[in-house]
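Reviewing the structure listed below.
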Amino acid sequence: MKSASKLRLYNTLEQRLEDFSPIQPGKVGLYVCGPTVYDVPHAGHARSAIAFDVLVRHLRARGLEVTFVRNITDIDDKILARARQNGEEPLQLSARMTQVYSDDMGALHCLLPTHQPKVSDHLQEIIETVSTLIEQGAAYEVELPHGGRDVYFSVRAFEGYGKLSRRKLEDLEAGARVEKNDLKRDPMDFALWKAATEDGYGWPSPWGKGRPGWHIECSAMSTKYLGFGFDIHGGGMDLIFPHHENEIAQSEAAHPHQGPFARVWLHNGFVNVDKEKMSKSLGNFVTVRDVFDRNDPEGFRYFLLTVQYRGPLTFDSEKLDDGRVIFPGVDEAERRMDYLYSTCHRLRTLAEGAEPSAAKEPADLAAIRKVMTSARDKVSAALDDDLNTPVALAVLAEIAKYSNDLCDLAIKRRKDASWVVCARQLARQALEVLDACTQVLGLLRTPHEQYVERTRERRLRLRNLSQAQVEAKISERAQARKNKDFERADALRAQLEDWGIEMADGVEGTTWKVLV
RNA sequence: GGCGAGGUAGCCAAGUGGUUAGGCAACGGUUUGCAAAACCGUCAAACGCCGGUUCGAAUCCGGUCCUCGCCUCCA
């Protein structure tokens, strides 16, 4: 698709918006820091995944060939600790959590990365990178008292240290916690390779049995799949320091005089709960599963797109009088998804049986046509502006409003045959536009029936209702209405409304849905 | 202490020199047996506070108050 505007992205490295142009025309190499799989994913993982998913979708819609790499860190001290706690093999734990991560991100309609490398499959590459750094004089080995050897990166050996996070070594050291580890030449030096733990967990290496340090896997794996010096590197804001700073140091020290490790650095903002960063220690931690228990995955995705990716996103929970815990923001987003799905359904009904026609378009359709014709470009322009998803969602709202207007008009003018043919054609265009605009955002990706069914099922469960129970009450009310006993019908409706059931009385009977 | 982000109507959230953001809630209307949904309208002469630049500032500059984040594992 051709684009009028230029894609602009906020580059953390330069601290400003920059026009994006790929190193190799038409192709983009993107590396995003994925999860350390020691636990189930939380709302923050979802936010990061969705932000970069929209980036990938947008780049591809712009006609770029994207190689998207997102790692899985399946060897890490947190995994070791948790596995020991569980009495489980570390790699078994990480495999289990990797599966949960894939399932959850899949449910959120995040596209699969082109490559999803795991640390456990890349020890060779990691060891080679560490060896190169030792050869370059950027890293050194340290003999440990109880045997075994660590390898550390020497921050003093890399001139540009601190360029991403705008930190000076002196400032860092002034504020640094005093480390007991006096084996390091400089307090800011960090581990590339760590000797095996006391229980002997580790992999063979030139420095004895051990395991990789935290940052090195991303340097080794990104370079393997994208080559050194790729287009975009992304991750959460908390990774700027030390993770990404250290990645840059390692990677550029291993490839001297070859330019920057990555051109553009993108960082998504946090998910906050009660204005504070979500974290386990504060007890305000919300997992993706917690949300899925109460809300539709697409509603959650919509919610995560209501704020531009760099800003903080507040995720609040509320306890109702009946004891239910809800996420009001996600509920609101899910209602918007209901609205989009029902709009789409109405359009489809109207579009059925459309035939080509040379009839001149009626005046009352011109404004609607205009909205439909410009919408896709507006979404594209919004995403070009540093992935401004709230503006893109506003365009969706406009499409939906005018679509519903069209459907309302079609009811009023159903007897005007030539008008209806034009309206059908316009409905077809609206459907195409809506599909294109939601495709790039990863929304409205579920068949209508399936969406209706799964949301109904979940909402009934949350309200402790059964479908039979609701339908019995509905038909009781239908009978009362048939008998013109409106007092009874209204009383039954009041009961149903109390259950959270919304009814619509149509010519072909009453349809209903459960409210979020 | 160092570095960074932000304070926009009842709530959420775009905008970053002049022209509608959008959504939710509330209220009024069209429609309906009554409703709901949908659409229209109102709330909206909103931009933390104080100065300054400018014909014109939510937007630029200076100061100030407040909130949050990173500096230690974190998306």
Side-chain angles (χ1 to χ4, degrees), chain A residues 12 15 32-36 38-39 41-52 76-78 81 162 165-168 170-177 179 188 214 234-243 245 267-272 274-281 285 302-303 305-314 316 328-329 331-333 335-336 338-339 342-343 346 378 382 385 388-398 400-409 411-412 481 484-487 489-490 493-494 496-497 501-506 510-513 515:
Chain A
T12 307
Q15 290 189 302
V32 176
C33 283
T36 299
Y38 70 104
D39 206 343
H42 53 66
H45 290 108
R47 186 177 191 200
S48 181
I50 285 171
F52 293 107
D76 173 271
D77 285 1
K78 284 194 295 297
S165 56
R166 319 235 146 208
R167 286 171 165 85
K168 295 188 187 103
E170 300 74 57
D171 296 341
L172 282 168
E173 290 177 10
R177 198 169 54 179
E179 294 238 10
M188 292 313 297
W214 174 31
M237 252 166 200
D238 47 355
L239 296 179
I240 294 172
F241 190 89
H243 186 57
E245 194 67 63
H267 292 96
N268 65 276
F270 294 120
V271 174
N272 295 328
D274 295 328
K275 289 195 168 186
E276 279 178 317
K277 180 181 166 180
M278 193 175 78
S279 76
K280 286 192 169 171
S281 53
F285 195 79
Y302 188 108
F303 172 72
L305 295 175
T306 57
V307 181
Q308 200 259 359
Y309 78 96
R310 282 195 289 125
L313 183 140
T314 302
D316 284 330
D331 281 355
E332 187 182 321
R335 285 184 211 110
R336 295 302 291 168
D338 278 8
Y339 171 71
S342 78
T343 301
R346 292 185 80 192
K378 283 188 191 168
D385 184 18
N388 195 332
T389 51
V391 168
L393 292 178
V395 178
L396 287 191
E398 192 183 32
K401 189 164 77 169
Y402 279 82
S403 294
N404 278 305
D405 196 17
L406 172 67
C407 294
D408 284 354
L409 270 176
I411 293 166
K412 282 182 196 151
R481 290 182 74 217
K484 302 265 189 235
D485 184 356
F486 292 121
E487 205 174 312
D490 289 351
R493 183 177 55 206
L496 281 156
E497 278 171 352
I501 307 298
E502 176 185 284
M503 286 143 280
D505 299 326
T510 300
T511 57
W512 61 277
K513 67 182 263 192
L515 296 173

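Naming: A, B, ... by sequence-line order, numbering from 1 per chain. Note: hydrogens, waters and symmetry copies are ignored here, and every other heavy atom, side chains too, is used.
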Query raised in the report: How far does CG of A/D490 sit from CD of A/E497, to the nearest 0.5 angstrom?
Result: 9.0 Å
Query raised in the report: Using the P atom in both, what is the distance from B/rA36 to B/rC43, to the nearest Å?
Result: 23 Å
Query raised in the report: Of the nucleotides B/rA35, B/rA14, B/rG69, which has the atom closest to the A/E276 side chain?
Result: B/rG69
Report task. Find out whether A/L393 and A/R336 are in side-chain contact, i.e. whether some heavy atom of one side chain is under 4.5 Å from a heavy atom of the other. Result -> no
Query raised in the report: When we call it a touch if two heavy atoms are under 4.0 Å apart, what does A/G236 touch: a base, just sugar-phosphate, or nothing?
Result: sugar-phosphate
Query raised in the report: Say you pick atom C1' in B/rC55 and the same atom in B/rG17; how far apart are they, in whole Å?
Result: 12 Å
Distances under 3.5 Å between protein N/O atoms and the N/O atoms of nucleotides 2-12 of chain B, please, pair by pair.
{"from": "B/rG2", "atom 1": "O2'", "to": "A/D171", "atom 2": "OD2", "distance (Å)": "3.2"}

**Report entry** Flag side-chain contact, heavy atom, 4.5 Å: A/R493 against A/M503
**Finding:** yes
Query raised in the report: Got a donor-acceptor pair under 3.5 Å from the side chain of A/R493 to the base of B/rC34?
Result: yes
Query - Between P of B/rA37 and CD of A/E497, the distance in whole Å - result: 9 Å
Query raised in the report: Rounded to the nearest 0.5 Å, how far does CG of A/N404 lie from CG of A/L409?
Result: 11.0 Å
Query - Length of the line joining A/Q308:CD and B/rG23:P, which is rounded to integer Å - result: 20 Å
**Report entry** side chain to side chain donor-acceptor pair (under 3.5 Å) partner of A/T12, the single match among A/R310, A/R166, A/H267
**Finding:** A/H267
Query raised in the report: Is any side-chain nitrogen or oxygen of A/N388 closer than 4.0 Å to OP1 or OP2 of B/rG15?
Result: yes
Query raised in the report: Rounded to the nearest 0.5 Å, how far does CG of A/L396 lie from NZ of A/K378?
Result: 11.5 Å
Query - Protein-to-nucleotide contact annotation, 5' to 3' order, nucleotides 38-43 of chain B [B base; S sugar-phosphate only; - none; under 4.0 Å, heavy atom] - result: BSS---
Query raised in the report: Checking all strands, does A/H42 fall into the base, sugar-phosphate, or nothing category for heavy-atom contacts under 4.0 angstrom?
Result: base
Requested in this report: Please work out if A/F486 contacts a base, only the sugar-phosphate, or nothing of the nucleic acid, heavy-atom cut-off 4.0 Å.
Outcome: base
Report summary line: Among B/rA14, B/rA35, B/rG15, the one nearest any side-chain atom of A/D385 is B/rG15
Query - Nucleotide nearest A/D505 when distance is taken to its side chain, options B/rC34, B/rA75, B/rA36 - result: B/rC34
Report summary line: With both pairing distances under 3.5 angstrom for Watson-Crick or G-U wobble, and | for a partner in another strand, the correct string for RNA chain B is ((((((((.[[[..)..(...]]].(((((.......))))).....[[[[[..)....]]]]])))))))....
Report summary line: CZ (A/R481) and CZ (A/F486) are apart, to the nearest 0.5 Å, by 6.5 Å
Query raised in the report: Any chance the side chains of A/T510 and A/D505 put a donor and an acceptor closer than 3.5 Å?
Result: yes
Query raised in the report: NA contact type, A/L239, heavy-atom cut-off 4.0 Å: base, sugar-phosphate, or nothing?
Result: sugar-phosphate
Query raised in the report: Which one, B/rG33, B/rA13, B/rG22, comes nearest to the side chain of A/A394?
Result: B/rG22
Query raised in the report: Can any side-chain N or O of A/R47 pair as donor or acceptor with the backbone N or O of A/Y309 at less than 3.5 Å?
Result: yes
**Report entry** N/O donor-acceptor pair, side chain A/D238 with base B/rG69, under 3.5 angstrom
**Finding:** no
Query - Atom pair CG (A/L305) and OH (A/Y302), whose distance is rounded to the nearest 0.5 Å - result: 9.0 Å
Report task. For residues A/L313 and A/M278, determine if any side-chain heavy atom of one lies less than 4.5 Å from a side-chain heavy atom of the other. Result -> no
Report task. For A/K277, report the nucleic acid contact type (base, sugar-phosphate, nothing); a contact means any heavy atom under 4.0 Å. Result -> base
Query raised in the report: When you compare B/rC24 with B/rU54, how far apart are their P atoms, in angstrom units rounded to a whole number?
Result: 43 Å
Query raised in the report: Considering only heavy atoms from C-beta outward, does the side chain of A/F270 approach that of A/E276 to under 4.5 Å?
Result: no
Query raised in the report: Reckon A/G329 touches a base, only the sugar-phosphate, or nothing at all at heavy-atom distances under 4.0 Å?
Result: nothing
Report task. Might you work through the salt bridge (Lys or Arg N to Asp or Glu O under 4.0 Å) test for A/R335 and A/D338, ending with a clear yes or no? Result -> CA-CA 5 Å; A/R335 285 184 211 110; A/D338 278 8; over 6 Å; no
Query raised in the report: Is there a donor on the side chain of A/D77 or the base of B/rC73 sitting less than 3.5 Å from an acceptor on the other?
Result: no
Query raised in the report: Contact class for A/V271 vs. all strands (heavy atom < 4.0 Å): base, sugar-phosphate, or nothing?
Result: base
